[in-house]
Amino acid sequence: MAIAKLNLVNISSKNKNLDQVLEKFVTLDYVHPVVASDIVDKVHGLTSYSTENPCNIILKELEEIEKENDIVLPTIGVNSIDYTLDNMRDYIHTTHDKIQNLFNQRKDAELLIKKYTDALNQIKDIENLDISLDDLFGCDYLNSRVGRIPVDSLEKLNFYNDKAFIFQSLRVDKGYCWCIYITTDDNEREIDNIFSSLFFDRIHIPDFIHGTPISAQETLKLELDVAQGTLDNIKKETDDILNKNIDKLKEMKSELLFLEKVYEAKKYVVGLGSIFNINCFVEKENVEKLKDHFARIEDVEIEVRPADSDNRLTPPTKLKNNWFTKPFGMFVEMYGVPGYKDMDPTLVVAITYSLLFGIMFADVGQGLVLALLSFLLYKKTKMSLAGVGIRIGLSSAFFGIFFDSVFGEHGMIAPLFESLGISFLPLHAMDPSSTMTLLIGTVALGSMIILTAMLINIRTSMKAKHYAKALFSPNGVAGFLLYGYVLTTVAFMFLTEIDLLQPIFMIPFVFLPLLTILFKEPLERLMEGHKLFPDGFGGFITEAFFETFETVLSYITNTMSFLRVGGFVLSHAGMMLVVFSLMEMFGPVGATVTFILGNLFVMALEGLIVGIQVLRLEFYEMFSRYFEGNGIPFKYNE
């Protein structure tokens, strides 16, 4: 609901304490560090301590050990430096060498097993061939091909009876005929071409297979057993090495990750000769905690200044929202982060989003179901969107009371209003007498929201000393007077007999604001002491006229945009009317199923569309009037 107040903290000490200070600094989880280049590049003589991180190469080798052995070494809590980099590098490299040697042997054994397994499968398909493969493929003048051919192609072989080849079927299985054909050297290409046209799929018998297919299978099984035994021994040896070194590797991984953070943190260190300093932004309430953090290190000085005291640095923005508004911060961050001195619009978003969604999706039953489902999802995932769902679900249930809608059923709440003597409630969206009231009401609500956005823009612009924007812009005082007067005049025309279309009102509330908006840029230049029309008056007045005309049109279109709020109320009632019409087509069981599925469908479809439409209204009809979102997000030290 607000932007956290920050301090700019400067931590300085002698160079000999650098590692000790950095060890402490990287454990801080509540500071926004300033990169040294933001300062070093702007002052001659300052130096940066940022260097190449030597931990990365060692960590990469450690990752290779994990990847090659399909393990993940867990990290343990380490916040000191007990190992030296050289020791860790040598130890990890030596261990990796041993494991990698076994890893390569394991790969060779696995390739051998795959090779024997594939060969075994190939031989199995031609095991009916009762002839030595050495004799078959060792002929000087004959060429043999084994493989499979689609059964459909067998009959087509009759067309080639006059060709020089011998064909022998071995086995038929799953639409294929496993077979062999033999031909001479002179006819090899022609016969291969014929069988290729018949979709013959050749099997290449490996050279290491000898004897008949049956005897070759026995030999391959023996070889396979030997290779599998070798692989098991390699795995056991690898496991032994890992088990022997696992604890030390865990410690070293944790040490390296910690050291990596220390080295990375050097990008925040600014060298000032024999001393160094680190700048960071800290919430005011955490300043004393930060001082205590470094209290035990001698020669450390901590200077605390206002966040905007250094013009070279832009203070980051940290949003502080309460339990209700916090989930809506995600919508603000989607648009942009407010500047440190700007207003946090999260509260406005939380109120208007809940209000508009509740009106557009007004249903007690569906709203409560949405809130319940969102609550369960939030408990499990802590998603901000689920937090939003809880709040807008309750808002839907609240406004569902006014529209007397419980899972689309009307008439359940009306007796309550009757007992309280409230005659104008509930509102029935599909009732012709309520429809116009509903649409006018939503436009009036939209107008109030637009006026509120203008007031926020005036306040934030004045606070930022953008006086021209606050006074002369379409969303400043001039726009507020013009838009507010038109709305007031229309309201008086319908509700009273008072006519505000009089010169005494129109001059200050229409003509003067229009002229102010028209001449906004010259007036702004006048306030800044510049020339009024640097590019000439003719070109300016033409451009300014059309811009002002567009502004007036935008007031109308922006106001009409809120008609969609009423439109979705009608849409919700219409969709539930369809559900109840479908229920009448079925018996009790079918009607119950239709009721449940219909409500779920309406909730999913309409909830999504309404959510997007409200977000559009937030961004285009409200944020565009008062929120720029050009701030820097507060990033914690990682």
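Keep in mind that what you see is a predicted model, and the values were worked out from it rather than measured. Note that the numbering runs from 1 along the sequence shown for the chain.
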To the nearest 0.5 angstrom, please state how far the [atom1] atom of [X] sits from the [atom2] atom of [Y].
{"X": "Ile302", "Y": "Ile278", "atom1": "CD1", "atom2": "CD1", "answer": "10.0 Å"}
{"X": "Leu319", "Y": "Met330", "atom1": "CG", "atom2": "CE", "answer": "13.5 Å"}
{"X": "Leu290", "Y": "Cys280", "atom1": "CG", "atom2": "SG", "answer": "5.5 Å"}
{"X": "Ser461", "Y": "His466", "atom1": "OG", "atom2": "NE2", "answer": "7.5 Å"}
{"X": "Phe595", "Y": "Phe580", "atom1": "CZ", "atom2": "CZ", "answer": "5.5 Å"}
{"X": "Leu356", "Y": "Arg564", "atom1": "CG", "atom2": "CZ", "answer": "11.0 Å"}

Min side-chain heavy-atom separation [X]-[Y] under 4.5 Å:
{"X": "Phe276", "Y": "Lys266", "value": "no"}
{"X": "Met576", "Y": "Gln366", "value": "yes"}
{"X": "Leu28", "Y": "Phe294", "value": "yes"}
{"X": "Phe601", "Y": "Met603", "value": "no"}
{"X": "Leu514", "Y": "Leu482", "value": "yes"}

Can you name the side-chain contact (heavy atoms from CB on, under 4.5 Å) partners of [X], sequence neighbours left out?
{"X": "Pro345", "value": "Val332, Pro338, Met343, Phe623, Tyr626, Phe627"}
{"X": "Leu481", "value": "Val477, Phe509, Pro513"}
{"X": "Lys463", "value": "none"}

Please check if atom [atom1] in [X] has more than 12 non-hydrogen atoms from other residues, nucleotides or ligands closer than 6.0 Å.
{"X": "Lys382", "atom1": "NZ", "result": "yes"}
{"X": "Ile57", "atom1": "CD1", "result": "no"}
{"X": "Glu550", "atom1": "CD", "result": "no"}
{"X": "Glu285", "atom1": "CD", "result": "yes"}

For [X] and [Y], which I'm curious about, is there any donor-acceptor pair between the side chains at under 3.5 Å?
{"X": "Glu260", "Y": "Asn53", "value": "no"}
{"X": "Asn475", "Y": "Asn457", "value": "no"}
{"X": "Ser405", "Y": "Asp363", "value": "yes"}
{"X": "Asn558", "Y": "Ser561", "value": "no"}

Show me, pair by pair, the donor-acceptor contacts under 3.5 angstrom made by side chains of residues 442-450, not counting sequence neighbours?
unit_1: Thr442; atom_1: OG1; unit_2: Leu438; atom_2: O; d: 3.3
unit_1: Thr442; atom_1: OG1; unit_2: Leu439; atom_2: O; d: 2.7
unit_1: Ser447; atom_1: OG; unit_2: Val443; atom_2: O; d: 2.9

Residue from Phe480, Phe549, Tyr483 passing ring-ring contact (aromatic ring centres under 6.0 Å, His included) with Tyr555:
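Result: among Phe480, Phe549, Tyr483, Tyr483 is the only option passing the ring-ring contact (aromatic ring centres under 6.0 Å, His included) with Tyr555.
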Check: Tyr353 ring centroid to Phe331 ring centroid under 6.0 Å
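Ring centroids of Tyr353 and Phe331 are less than 6.0 Å from each other.
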In sequence, state the C-alpha distance, the side-chain angles, and the governing distance for Phe328 and Val388, and then conclude on side chain to side chain contact (heavy atoms under 4.5 Å, CB included).
CA-CA 6 Å; Phe328 293 93; Val388 171; 3.8 Å; yes
Qualifying residues under ring pair (Phe, Tyr, Trp, His ring centres under 6.0 Å), relative to His293, sequence neighbours excluded
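Once residues adjacent in sequence are excluded, His293 has no partner under the ring pair (Phe, Tyr, Trp, His ring centres under 6.0 Å) criterion.
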Pairs where residues 595-620 contributes a residue and the test salt bridge (charged side-chain N to carboxylate O under 4.0 Å, His left out) is met, not counting sequence neighbours
Arg616-Glu621
Might you work through the salt bridge (Lys or Arg N to Asp or Glu O under 4.0 Å) test for Lys67 and Glu64, ending with a clear yes or no?
CA-CA 5 Å; Lys67 186 178 178 182; Glu64 288 177 6; over 6 Å; no
In terms of relative ring orientation, are Phe398 and Phe402 parallel, tilted or perpendicular, with 30° and 60° separating the classes?
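Perpendicular.
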Give the C-alpha distance, both sets of side-chain angles, the deciding distance and a yes or no for salt bridge (Lys or Arg N to Asp or Glu O under 4.0 Å) between Glu255 and Lys250.
CA-CA 9 Å; Glu255 288 277 358; Lys250 286 181 197 173; over 6 Å; no
Is there a salt bridge (Lys or Arg N to Asp or Glu O under 4.0 Å) between Lys5 and Glu283 once you walk through the steps?
CA-CA 6 Å; Lys5 298 300 179 186; Glu283 277 189 81; over 6 Å; no
Take Lys291 and Glu303, measure what salt bridge (Lys or Arg N to Asp or Glu O under 4.0 Å) needs, and give me the verdict at the end.
CA-CA 10 Å; Lys291 288 180 177 178; Glu303 182 183 6; over 6 Å; no
